[in-house]
Q: 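I'd like to ask some things about the structure below.
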Amino acid sequence: MFGDVYADRRVFVTGHTGFKGSWLTLWLLDLGADVTGYALAPPTEPSLFEAAGIGREEARRARGAGRCTDLRADVREPRALAQALKMAAPEIVFHLAAQPLVRRSYAEPHLTYETNVMGTVNLLEGVRALAASGRGPRAVVNVTSDKCYENLETGHAYVEGDPLGGFDPYSSSKGCSELVTAAYRRSFFSAPGLPRVATARAGNVIGGGDWGEDRILPDCARALGAGVPVAVRSPGAVRPWQHVLESLSGYLCLGAKLWRGADEARDEAGAFDGA
Ligand SMILES: NC(=O)c1ccc[n+]([C@@H]2O[C@H](COP(=O)([O-])OP(=O)(O)OC[C@H]3O[C@@H](n4cnc5c(N)ncnc54)[C@H](O)[C@@H]3O)[C@@H](O)[C@H]2O)c1
């Protein structure tokens, strides 16, 4: 699907211990990439990261997959992140690390903005420093959300040109991450030869390996397992569900296109809605 873009490629993935990040890392390893993951510990117990043995060298070797360096650190720490990027010298970066839960964002708005907004700034600063030293990645994909738009509840399917906003702290933090990325793209990465930076706005992802709290299918599975009624928080909501591999194929496709794109086509780097 992606030609040979990822084979033997140095790829930096933030949030590699999470639901989507674990699937992305597994896929990249199968494509033969040399992955450096940067994240906190897996956010759930159990987790796909542990179940699939992503951090275990022998499990990877048994599957004949590429290499994975598992770094446990915080995106809110600019120096640690810059140092990890310098050490990994990635050719392609996928940024997934985030506080991804709407309900938690009401309880912990400061943590949510610090992680999702300043985490993006810290990542792009690290990329900028690498680029200044002539060792910058060629492609950067920042994973945001379809919740980044000003949600007017009209039933209209949002497209890339719609106004950003976000009702709750989580959604607005993803809108902010979009704005930060656009500003960095225009201010620091517009010249030929510099990293091509894009955002991807997929949402409502389902699939195996998700044990997250406040997610509808894991909630259903937990309720069925416990023999209790399923609690649906917004029974009137209509959501365009997609399988996790759908959104990840979009991220990988975007990364490959950014990697391959001629410098003349850099205007194409921008925001991509995958909902
Ligand atoms: N799952 C969905 O339906 C969905 C929908 C839209 C957008 N997203 C976005 O996709 C990305 C991945 O989501 P997920 O569902 O895999 O979430 P997850 O909670 O399973 O994983 C989050 C990852 O981020 C890491 N992380 C959190 N805070 C960190 C910090 N301060 N420093 C370093 N790492 C940190 C965690 O350790 C974990 O690896 C997020 O950016 C999320 O906002 C997810």
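We count ligands from 1, going down the list as the structure has it; atoms in each ligand are counted the same way. Along the sequence shown, residues are numbered consecutively beginning with 1.
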Q: Could you check whether Asp34 pairs with Arg10 (Lys NZ or Arg NE/NH1/NH2 to Asp/Glu carboxylate O, under 4.0 Å)?
A: no
Q: Can you tell whether the side chains of Arg103 and Glu213 come within less than 4.0 Å, N to carboxylate O?
A: no
Q: Under 6.0 Å between ring centres, would you say that holds for Trp27 and Phe2?
A: yes
Q: Can you pull every nitrogen or oxygen pair between ligand 1 and the protein closer than 3.5 angstrom?
A:
| from | atom 1 | to | atom 2 | distance (Å) |
| --- | --- | --- | --- | --- |
| ligand 1 | 1 (N) | Arg215 | NH2 | 3.4 |
| ligand 1 | 3 (O) | Val205 | N | 3.1 |
| ligand 1 | 8 (N) | Lys20 | NZ | 3.4 |
| ligand 1 | 10 (O) | Lys20 | NZ | 3.3 |
| ligand 1 | 15 (O) | Arg215 | NH1 | 3.1 |
| ligand 1 | 15 (O) | Arg215 | NH2 | 2.8 |
| ligand 1 | 16 (O) | Phe19 | N | 3.3 |
| ligand 1 | 16 (O) | Lys20 | N | 2.8 |
| ligand 1 | 20 (O) | Phe19 | N | 2.8 |
| ligand 1 | 24 (O) | Ala98 | N | 3.3 |
| ligand 1 | 31 (N) | Asp74 | OD1 | 2.8 |
| ligand 1 | 32 (N) | Asp74 | OD1 | 3.4 |
| ligand 1 | 32 (N) | Val75 | N | 2.8 |
| ligand 1 | 34 (N) | Leu40 | N | 3.3 |
| ligand 1 | 37 (O) | Thr17 | OG1 | 3.2 |
| ligand 1 | 37 (O) | Leu40 | N | 3.3 |
| ligand 1 | 37 (O) | Leu40 | O | 3.2 |
| ligand 1 | 37 (O) | Ala41 | O | 3.3 |
| ligand 1 | 39 (O) | Gly15 | O | 3.3 |
| ligand 1 | 39 (O) | Thr17 | N | 3.4 |
| ligand 1 | 39 (O) | Thr17 | OG1 | 2.6 |
| ligand 1 | 39 (O) | Gly18 | N | 3.0 |
| ligand 1 | 41 (O) | Leu96 | O | 2.9 |
| ligand 1 | 41 (O) | Lys174 | NZ | 2.8 |
| ligand 1 | 43 (O) | Tyr170 | OH | 2.7 |
| ligand 1 | 43 (O) | Lys174 | NZ | 3.1 |

Q: Between Asp210 and Lys20, does any NZ, NE, NH1 or NH2 come within less than 4.0 Å of an OD or OE carboxylate oxygen?
A: no
Q: Does the pair Glu91/Arg138 count as a salt bridge with the N-to-O cut at 4.0 Å?
A: no
Q: Mind checking whether Tyr38 and His16 have ring centres under 6.0 Å apart?
A: no
